[in-house]
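Below, each value reflects all heavy atoms present in this structure, side chains not excepted, and no hydrogens, waters or symmetry copies. Computed from a prediction, not measured in an experiment: that's the story for all the values here.
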Amino acid sequence: MNQQVRELHTSITGWFAVHARKLPWREPDCTAWGVLVSEIMLQQTPVVRVLPVWQEWMHRWPSPAALASESSGEAVRAWGRLGYPRRALRLHAAAAAITEDFGGEVPSTHAALLSLPGVGDYTAAAVAAFAFGRRETVVDTNIRRVHARAVTGNALPSPALTAAEMRLARELMPDGVSESVAWNAAVMELGALICTARNPKCSQCPVLEQCAWVSAGRPDPHYVPKGQAWAGTDRQVRGAMMAVLRNAQAPVQRALLLHPPVNLVPSPAAGELDPLAALHRLAAPQEQMERALAGLIADRLAAEDARGVSLP
DNA sequence: TATACGTGGAT
DNA sequence: TATCCAAGTAT
C-alpha cells in the first residue's frame with residue numbers, strides 16, 4: 001500500500017462524502033432484501049429507471065417470502081419496462097430459494113449469495129459489501145473504467161473482465177473493513193457521475209492530478225467497441241411480444257402473437273401504439289416470430305395452455 | 001471465451 | 001438518425 005494508493009483513497013472517498021447521490025437502497029434502514037433487489041434491477045440499467053420500480057417492489061414485496069408467495073408472472077409484470085425480464089424471473093426464484101433454504105433471510109456471504117439465481121460475482125460482492133458491510137472486491141463497469149483510466153492509463157477497460165483487472169482491484173482495496181466498503185461505493189459513484197464512458201467530467205474529478213490516462217494525454221481506446229445490434233434481431237421481436245403479454249389482461253391466442261393484425265390504436269393518453277400493433281410494425285419474418293415465441297416459452301418468460309399464451 | 005439477453009435516454 | 005451505453009448473468 002504505497003503513498004499513491006493512499007492518496008486515491010483519501011481523494012475519492014472524500015469526494016464521495018460530499019457528492020454521493022441519495023439513493024433509497026443506500027439508506028441505513030434499507031434491508032438486505034432491498035439492496036439485493038436494487039442490485040439485480042441495476043444490472044445494465046440506469047438508476048433513474050430503476051428508482052420507481054424499486055419503490056413499487058419494496059412496497060408490494062417487502063420481504064423475500066412476500067415475493068415468493070406470488071407467481072413468477074406477477075414478478076415479470078411488475079418488472080414493467082426495465083428490460084431483461086429474465087431478471088424478474090430469477091429474482092423470483094432467488095426469493096423462493098432464500099425462503100426455503102435460508103430461513104427467509106438474505107444470506108450474507110459471497111458464496112451463499114452466489115448460489116442464488118441471477119446473482120453473479122459482481123452482485124454477490126456488492127450485496128455482501130453494501131448490505132452486510134463485508135470486505136469484498138466489487139468490480140463493475142464503473143469501477144473497471146476508473147481503474148483503467150486513473151491507474152492503468154487506458155481510455156476504457158478491456159472488453160471482458162481480465163485476471164489482471166481483478167488483481168489490480170484487490171491491490172487497490174483499503175485494508176480496513178469499513179474503509180473497503182466506502183471505497184467500493186465511492187469508486188463506483190465516481191465512475192457513474194464523473195469518470196463516465198463518454199465525455200468524462202475531468203474538470204470535476206478529485207483525482208485529476210493523479211490520473212494516468214490524463215497524464216498520457218487522454219489517448220483513444222485501443223479497440224473499437226462492438227455495437228449492440230438491435231433492428232431485426234430476435235431480441236427486438238421478443239421484447240415486442242413481452243410488451244403484448246404484459247399489456248394483456250387475458251391469455252393471448254398463439255396465432256394472434258404470430259400474426260399480429262394491422263390494428264393501429266393510438267392511446268389517447270400516451271399517444272402510444274397498441275403493443276400488438278407495434279409487434280406487427282416490426283414486420284418480422286414468420287420464422288423469426290415463431291422462434292422468438294418458442295424462445296420466450298423455453299425461457300419460461302411466457303407460458304402456454306389451452307387458453308393461449310400468458311405470463312407464467 | 002463469445003454470445004444472447006430489453007429498454008430508453010443521450011449525442 | 002444511428003449509435004452508444006447502462007451497478008451483469010448464464011451458457
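- The nucleotide whose nearest atom lies closest to any side-chain atom of A:L23 is, among B:dG9, C:dA7, C:dG8, C:dA7.
- At the heavy-atom level, A:A197 lies under 4.0 Å from the strands shown only through sugar-phosphate atoms.
- Aromatic ring centroids of A:W79 and A:W57 lie under 6.0 Å apart.
- Going from atom CG of A:L82 over to atom P of C:dA7 covers 15 Å, rounded to whole Å.
- Ring-plane geometry between A:H147 and A:W183 is classed as parallel, the angle between the planes falling under 30 degrees on a 0 to 90 degree scale with a further cut at 60.
- Each of A:L161 and A:Q236 has a nearest nucleotide on DNA chain B; the 5'-most of these lies closest to A:L161.
- Side-chain contact, A:W33 with A:E105: no donor N or O sits under 3.5 Å from an acceptor N or O.
- Between the C1' atom of C:dG8 and the CD atom of A:E39 lies a distance of 11 Å, rounded to the nearest Å.
- Where A:T233 and A:A160 meet DNA chain B, the nucleotide closest to each residue was compared, and A:A160 sits on the side nearer the 5' end.
- At the heavy-atom level, A:R238 lies under 4.0 Å from the strands shown only through sugar-phosphate atoms.
- In this structure, A:A192 reaches the sugar-phosphate backbone alone: every heavy-atom distance under 4.0 Å involves primed, P, OP1 or OP2 atoms, never a base.
- The structure places CD of A:Q210 at 8.5 Å from SG of A:C205, a figure rounded to the nearest 0.5 Å.
- Of the N and O atoms on the side chains of A:R87 and A:T45, at least one donor lies less than 3.5 Å from an acceptor on the other residue.
- Within 6.0 Å of CZ on A:R60 lie more than 12 heavy atoms contributed by other residues, nucleotides or ligands.
- Checking A:Q288 against A:D234 by side-chain atom types alone, a donor-acceptor pair falls below 3.5 Å.
- Rounded to a whole Å, the OH atom of A:Y84 is 13 Å from the P atom of C:dA7.
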Test log, rule side chain to side chain donor-acceptor pair (under 3.5 Å), inputs A:Q43 and A:Y122:
CA-CA 10 Å; A:Q43 290 166 5; A:Y122 160 75; over 6 Å; no
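- Straight-line distance from the CE atom of A:M242 to the P atom of B:dC5: 13 Å, rounded to whole Å.
- We find that CD of A:Q44 is positioned 14 Å from P of B:dT7, with the value rounded to whole Å.
- In this structure, A:R144 atom CZ and C:dC5 atom P are separated by 13 Å, rounded to whole Å.
- For A:E165 and A:S158, the side-chain atoms include at least one donor-acceptor pair closer than 3.5 Å.
- When heavy atoms are screened at a 4.0 angstrom cut-off, A:W79 is found touching no nucleic acid atom at all.
- Here A:I143 lies out of heavy-atom contact (under 4.0 Å) with every strand.
- Only the C1' atoms considered, B:dA2 is 23 Å distant from C:dA7, to the nearest whole Å.
- No hydrogens or angles were tested; on distance alone, nothing pairs the side chain of A:T141 with the base of C:dG8 as donor and acceptor under 3.5 Å.
- Base contact: A:R235 has a heavy atom under 4.0 Å from a base atom.
- For A:T45, counting side-chain heavy atoms from C-beta on, the closest listed nucleotide (C:dA7, B:dT7, B:dG6) is B:dG6.
- Taking atom CG of A:L51 as the reference point, atom P of C:dA7 lies 13 Å away to the nearest angstrom.
- The side chain of A:D140 lies closest to C:dA7, out of B:dC5, C:dA7, B:dT11.
- The side chain of A:R246 approaches B:dT7 more closely than any other nucleotide in the set B:dT7, B:dG6, C:dA7.
- Distances shorter than 4.0 Å separate none of the side-chain N or O atoms of A:R87 from OP1 or OP2 on B:dT7.
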Could you list the protein-to-nucleotides 9-11 of chain C atom pairs, N/O on both sides, closer than 3.5 Å?
unit_1, atom_1, unit_2, atom_2, d
C:dT9, OP1, A:G120, N, 2.7
C:dT9, OP1, A:G120, O, 3.4
C:dT9, OP1, A:T123, N, 3.1
C:dT9, OP1, A:T123, OG1, 2.8
C:dT9, OP2, A:Y122, N, 3.3
C:dA10, OP1, A:G118, N, 2.7

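- Set against C:dC5, B:dG6, B:dT7, the side chain of A:R81 has B:dT7 as its closest nucleotide.
- In this structure, CG of A:L301 is placed 10 Å from C1' of B:dC5, rounded to the nearest angstrom.
- Across all strands, A:P46 comes closer than 4.0 Å to base atoms (heavy-atom distances).
- Proximity of A:R145 to the phosphate of C:dA6: a side-chain N or O atom is located under 4.0 Å from OP1 or OP2.
- Remark: the separation of the P atoms in B:dG8 and C:dT9 is 23 Å, to the nearest Å.
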